[in-house]
Number of protein chains: 2
Amino acid sequence: MVVDELSDAEVDRLFQAFADATRRDILARALVSDYSVSGLAAHYAMSFAAVQKHVAVLERASLVTKEKRGREQIVRVHLDGLRRARRLLEEYEVIWRQRVDRISDILAEEEGKSPS
Amino acid sequence: MVVDELSDAEVDRLFQAFADATRRDILARALVSDYSVSGLAAHYAMSFAAVQKHVAVLERASLVTKEKRGREQIVRVHLDGLRRARRLLEEYEVIWRQRVDRISDILAEEEGKSPS
DNA sequence: CTCATCTACAACCATAAGGTTGTACGTTAG
DNA sequence: CTAACGTACAACCTTATGGTTGTAGATGAG
């Protein structure tokens, strides 16, 4: 029933990509409009190469893709990655809810057996 | 309007915590039932100390808390952390949606101005 | 009381992560 | 054509991460 089967390594890369403020900011910028790598780099107090590496991390996590436009490389968000990460977290919450429900059921049953 | 204001460092820790398969598994186990640290450690092909460190990472990320019970330390999930992470990812999707809507509006307006 | 259990933590090691600078190469503007 | 721009990538450094072993302190079982 689970449609998007991600390997552990893929999920690792996905969350690892989110685990850095610069990368989250890059993602946020790329979400609202198109940026080239150097266009993004202009916003950060670090070298172009560093930003390039951050984009590479996002790319390996399937969160963005790069599209060549002339001599520039446009970074565009790949929404699927984002959705998958979000769904994974939702699944954890579902598990929690199921547990709560299960415990409620057990308590209800116990009460039915010996109403104190 | 943003209720849960997380610092960059907090969010870093949150996603960093998810970025390891062992930790995600620990979290999943702790979600479905109560486990002591050694009870968790029994499931993994690594030392107790290693598992202990993983739990510590989850704890620093506010994803779990430990509760002393006799000589054991019970690991319980702190649902808030989970919810916050999920909401953050949802916010990115919202931003994306807003962008799509904005572009649609612009296109609609352009069409209104000079219907080709 | 004594011993096994559970935990905590320090010290150490190998590798990964995040940053730097430097070099090289395709592309576009003038 | 030439110069500037955008990119790619290698080499290097420092610190963080994920693992190990070993030691030591509480606590519970017998």
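Since the structure is predicted, the reported quantities are computational estimates derived from the model, not experimental observations. Values below: every heavy atom of this structure, side chains too, minus hydrogens, waters and symmetry copies. Below, chain A is the first sequence line, B the second, and so on; all start at residue 1.
In this structure, Ser36(A) reaches the sugar-phosphate backbone alone: every heavy-atom distance under 4.0 Å involves primed, P, OP1 or OP2 atoms, never a base.
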Contacts under 3.5 angstrom, residues 94-103 of chain B side chains, donor-acceptor by atom type, not counting sequence neighbours:
unit_1	atom_1	unit_2	atom_2	d
Arg99(B)	NE	Val32(A)	O	3.4
Arg99(B)	NH1	Ala30(A)	O	3.1
Arg99(B)	NH1	Leu31(A)	O	3.1
Arg99(B)	NH2	Asp34(A)	OD1	2.8
Arg102(B)	NH2	Val32(A)	O	3.0

Less than 3.5 Å apart, which donor and acceptor atoms pair up between the side chains of residues 47-56 of chain A and the rest of the protein, not counting sequence neighbours?
unit_1	atom_1	unit_2	atom_2	d
Ser47(A)	OG	Ala50(A)	N	3.1
His54(A)	ND1	Arg23(A)	NH1	3.2

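Residues forming a salt bridge (charged side-chain N to carboxylate O under 4.0 Å, His left out) with Asp12(B) (at least two apart in sequence, or on another chain): Arg24(A). For Ala9(B), the side-chain contact (heavy atoms from CB on, under 4.5 Å) criterion is met by Ser7(B), Arg13(B), not counting sequence neighbours. Under the rule for a ring-ring contact (aromatic ring centres under 6.0 Å, His included), the partners of Phe15(A) that lie at least two apart in sequence or sit in another chain are Phe18(B). Glu10(A) is linked by a salt bridge (charged side-chain N to carboxylate O under 4.0 Å, His left out) to nothing, counting only residues two or more places apart in sequence or in another chain.
In the region residues 58-73 of chain A, proximity to DNA chain D at under 4.0 angstrom, judged on heavy atoms, holds for Lys66(A), Arg71(A), Glu72(A), Gln73(A).
The phosphate of dT5(C) (OP1 or OP2) has no side-chain N or O of Ser38(B) nearer than 4.0 angstrom. For dA8(D), the OP1/OP2 oxygens have a side-chain nitrogen or oxygen of Gln52(A) closer than 4.0 Å.
The nearest whole Å value for the distance from the CG atom in Asp20(A) to the P atom in dA16(C) is 18 Å. Rounded to a whole Å, the CD atom of Gln16(A) is 12 Å from the C1' atom of dG18(D). Protein atom NE2 of His54(A) is 6 Å distant from nucleotide atom C1' of dG18(C), rounded to whole Å. Computed from coordinates, the Leu40(B) CG to dT7(C) P distance equals 9 Å when rounded to whole Å. Separating the OH atom of Tyr44(A) from the P atom of dG19(C) is a distance of 12 Å, rounded to the nearest angstrom. The distance between atom CD1 of Ile26(A) and atom P of dG18(C), rounded to the nearest whole Å, is 11 Å. The distance from atom CZ of Phe15(A) to atom P of dA16(C) is 22 Å, rounded to the nearest whole Å.
Sorted pairs that involve residues 39-49 of chain B and meet salt bridge (charged side-chain N to carboxylate O under 4.0 Å, His left out), not counting sequence neighbours, are lacking altogether. For residues 60-72 of chain A, the pairs satisfying side-chain hydrogen bond (donor to acceptor under 3.5 Å, both in side chains) are Glu67(A)-Arg76(A), with sequence neighbours left out. Residue pairs that meet the salt bridge (charged side-chain N to carboxylate O under 4.0 Å, His left out) test with at least one member in residues 35-48 of chain B, sequence neighbours left out, do not exist here.
Helix bend of the helix from dC1(C)-dG30(D) to dG30(C)-dC1(D): the angle between its two end axes, each built from five pairs, comes to 30° after rounding to 10°.
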Please list, pair by pair, any protein nitrogen or oxygen found under 3.5 Å from a nitrogen or oxygen in nucleotides 20-25 of chain D.
unit_1	atom_1	unit_2	atom_2	d
dT20(D)	OP1	Ser47(B)	N	3.4
dT20(D)	OP2	Ser47(B)	N	2.9
dT20(D)	OP2	Ser47(B)	OG	2.6

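A pairwise comparison of heavy atoms in Ser36(A) and Gly39(A) identifies OG-N, 2.9 Å as the closest pair.
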Inset, instruction - Go through Tyr44(B) and Thr22(B) one step at a time and tell me if the side chain to side chain contact (heavy atoms under 4.5 Å, CB included) criterion holds. - result: CA-CA 8 Å; Tyr44(B) 306 100; Thr22(B) 303; 4.1 Å; yes

